[in-house]
Amino acid sequence: MHDIRLIREKPAVFDIAMARRGLEPQAQRLIALDARRRQAVSRLQEAETERNARSREIGKAKVRGDEGRFKALSAKMAALKSEMERLTEEVRTAEEVLNQHLAALPNCPADDVPKGEDENDNEEIRCWGEPREFDFRADDHVAVGGRLGLDFERAAALSGARFAVLQGLLARLERALGQFMLDLQINKHGYREISVPYLVRDEAVFGTGQLPKFADDLFRTGDGRWLIPTAEVPLTNLVRDFIHAEDNFPVRMTALTACFRSEAGAAGRDTRGLIRMHQFQKVELVSITTPDQSEEELERMTRCAEDVLRRLELPYRVMKLCAGDMGFSARRTYDLEVWMPGQNTYREISSCSTCGDFQARRMNARYRKGGGKAIDFLHTLNGSGLAVGRALVAILENHQQMDGSVRVPEALRPYMGGHGVIQP
RNA sequence: GGAGACGUGGCCGAGUGGUUGAAGGCGCUCCCCUGCUAAGGGAGUAUACCUCAAAAGGGUAUCGAGGGUUCGAAUCCCUUCGUCUCCGCCA
């Protein structure tokens, strides 16, 4: 959510930011809506002041037992009252319209975010590991996994497209990955483990920015709740509607959860394999910081996500997303892309973003500076550390062997009951 | 699912129609006093919005949320969310 006062003060800056997002200039319209709102509020408050004064007089007359004066004064209130009703309605609609407009606009990109429209304009920041040279024909994960217990047909019979069933050591590998990642973030990187609800209400999803614009991407329950598309939603909303003490921060939280996405806009994309599922596991990282900490925290968080790939011996690169490719709430985003031999390309496996105060405003999550009087909005960051399903894909493809088996990276073996290889 | 109770400031807790943003207590901050500690005295201690070039100042709203009754609502009515108790069911 944007601060209308900032827009009022620096409309040109705001419109430049929106232009980088590929949007038309917005400031003029928003300022006009705000002016209308403020005028209505002022008028209403004047009317309320008058009402309060008159009510007091009426009260005095009543107490004195001055029936005549009481009736005369009461009669005069009728006009004021209907005027107030009109003004109240005007304020309500003015606020609603302004908020609707504000809530639908994406966050402003940070200054250093590259210009660009899509992934082709993203900027490579660094690269780790060498894509492996295979001395046999490398399969993609569907073929490799198919021999090890990955079954899309059974899943389709149960649930439809974009679901998978994992069996045997493959199921265990998924569990091992989740446990390994979670333990790493908790024990080595100082994140606090949190267990969260998978079903959340409107306000939570609005807070992180999926609502109102992206309702189509989410699953909704019969009783009006939403299945979380990422643990970012419950984790971030943990600090909502509260004024926190400054010395709490940074707060670092992590959770291993299932994530549910309708993939409404992805018809026909990534239909093969595990890349794009309606349901997948993910270890999420969320940091809540004061405004001065968030820049550094994003670098730190990205490193925490990268560490998972290094320990899993998976080559990857770090991309700084261009303005057009960033998510709605993000101010700056680093994507981690892991090398996928089966597709001969890098694929996104983590996305680490700082949202600045954008989500905090929507959630009304604030802190008190240094125990003093000043209050400000917090900053929120989120990142995957990592997506378990895609990590599984990367393992199958990168660590496959000529005989159809898959080597289990050293770091994962304690979680695999000592299995070093998954055999067909 | 059935029956009932309750939601007041950081916390506890008064308050059933008229200067109540809200008594009292605790906590916290500052000051005074005390050799230290303990005790004591005094002052202060919500948020948002509007107005103002800004500060000062002024105004409005907020007693879970939304709506209604009323000249006037923390107080009455309705809806909703949440909490608790009992019964039923259940991993």
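Only this structure's heavy atoms are used, side chains among them; waters, hydrogens and symmetry mates stay out. Numbered from 1 within each chain, the chains take letters A, B, ... in sequence-line order.
- Ionic pairing of A:Glu57 and A:Arg54 is not present here: no N-O contact between side-chain nitrogen and carboxylate oxygen is shorter than 4.0 angstrom.
- Among the protein residues, A:Leu80 comes within range of no part of the nucleic acid, since none of its heavy atoms lies under 4.0 Å from any strand.
- Salt bridge absent: A:Glu263 and A:Arg269 never bring a charged side-chain N and a carboxylate O closer than 4.0 Å.
- Donor-acceptor pairing under 3.5 Å is recorded for the side chains of A:Asp335 and A:Ser351.
- Distance noted for atom P between B:rC6 and B:rA46: 30 Å (whole Å).
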### Task
Check the pair A:Arg347 / A:Glu397 against salt bridge (charged side-chain N to carboxylate O under 4.0 Å, His left out), numbers first and verdict last.
CA-CA 12 Å; A:Arg347 290 300 306 253; A:Glu397 296 196 358; over 6 Å; no
| request: Apply the test ring-ring contact (aromatic ring centres under 6.0 Å, His included) to residues A:His244 and A:Phe242: give CA-CA distance (whole Å), side-chain angles for both, the deciding distance (0.1 Å), then the verdict. | output: CA-CA 6 Å; A:His244 302 262; A:Phe242 200 77; 4.9 Å; yes
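- Straight-line distance between the P atoms of B:rU20 and B:rA61: roughly 14 Å, to the nearest whole Å.
- Distance CD (A:Glu96) to P (B:rG66): 13 Å, rounded to an integer number of Å.
- Going from the C1' atom of B:rC87 to that of B:rU45 covers 46 Å, rounded to whole Å.
- Between A:Arg86 and A:Glu90 a salt bridge is recorded (basic side-chain N to carboxylate O distance below 4.0 Å).
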Scoring nucleotides 68-77 of chain B by protein non-hydrogen atoms under 4.0 Å (B base, S sugar-phosphate only, - none) yields ---BS-----
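- A side-chain donor-acceptor contact under 3.5 Å links A:Glu297 and A:Ser287.
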Exercise. ring-ring contact (aromatic ring centres under 6.0 Å, His included) between A:His379 and A:Phe358: does it pass, once the steps are laid out?
Worked result: CA-CA 8 Å; A:His379 279 198; A:Phe358 187 81; over 10 Å; no
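- Note: CZ (A:Arg201) to C1' (B:rU80) measures 10 Å, nearest angstrom.
- Of the residues in residues 34-47 of chain A, those lying under 4.0 Å from RNA chain B by heavy-atom distance are A:Arg37, A:Arg38, A:Val41, A:Ser42, A:Gln45.
- Here A:Arg92 does not reach the OP1 or OP2 of B:rG66: none of its side-chain N or O atoms lies under 4.0 Å away.
- Counted by atom type alone, A:Thr236 and A:Glu232 present zero donor-acceptor pairs between their side chains at under 3.5 Å.
- Atom CZ of A:Arg8 and atom C1' of B:rU51 are 12 Å apart (whole Å).
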Pairs under 3.5 Å (Watson-Crick or G-U), crossing ones as [ ], inter-strand ones as |: RNA chain B comes out as ((((((((.[[[..)..(.....]]]((((((.......))))))((((((.....)))))).[[[[[..)....]]]]])))))))....
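- Remark: C1' of B:rU80 and CG of A:Asp202 are 13 Å apart, rounded to the nearest angstrom.
- The distance from atom CD1 of A:Ile4 to atom P of B:rA48 is 17 Å, rounded to the nearest whole Å.
- Between A:Arg43 and A:Glu46, none of the side-chain N atoms (NZ, or NE/NH1/NH2) sits under 4.0 Å from a carboxylate O, so this pair counts as no salt bridge.
- Salt bridge annotation for A:Asp307-A:Arg310: absent, with no cationic side-chain nitrogen under 4.0 angstrom from a carboxylate oxygen.
- When the C1' atom of B:rU47 is taken as reference, atom CZ of A:Arg240 falls 17 Å away, rounded to whole Å.
- Contact check on A:Asp202 versus A:Arg220 returns a salt bridge, with a Lys/Arg side-chain nitrogen under 4.0 Å from an Asp/Glu carboxylate oxygen.
- Atom name C1', nucleotides B:rU16 and B:rC11: the rounded distance is 25 Å, in whole Å.
- Counting to the nearest Å, the P atom of B:rA48 and the CD atom of A:Glu48 are 19 Å from each other.
- The P atoms of B:rU85 and B:rG10 are separated by 25 Å, rounded to the nearest whole Å.
- The P atoms of B:rG68 and B:rA74 are separated by 15 Å, rounded to the nearest whole Å.
- In terms of phosphate contacts, A:Asn52 brings a side-chain nitrogen or oxygen within less than 4.0 Å of OP1 or OP2 of B:rU60.
- When the P atom is used for both B:rG21 and B:rC32, the distance is 35 Å, rounded to whole Å.
- The CZ-P distance, from A:Arg361 to B:rA48, rounds to 11 Å in whole Å.
- Relative to the six-membered ring of A:Tyr415, A:Arg175 misses at least one condition, a distance below 6.0 Å or an angle of at most 45° to the axis.
- The separation of B:rG13 from B:rG88, taken at their C1' atoms, amounts to 36 Å, rounded to a whole angstrom.
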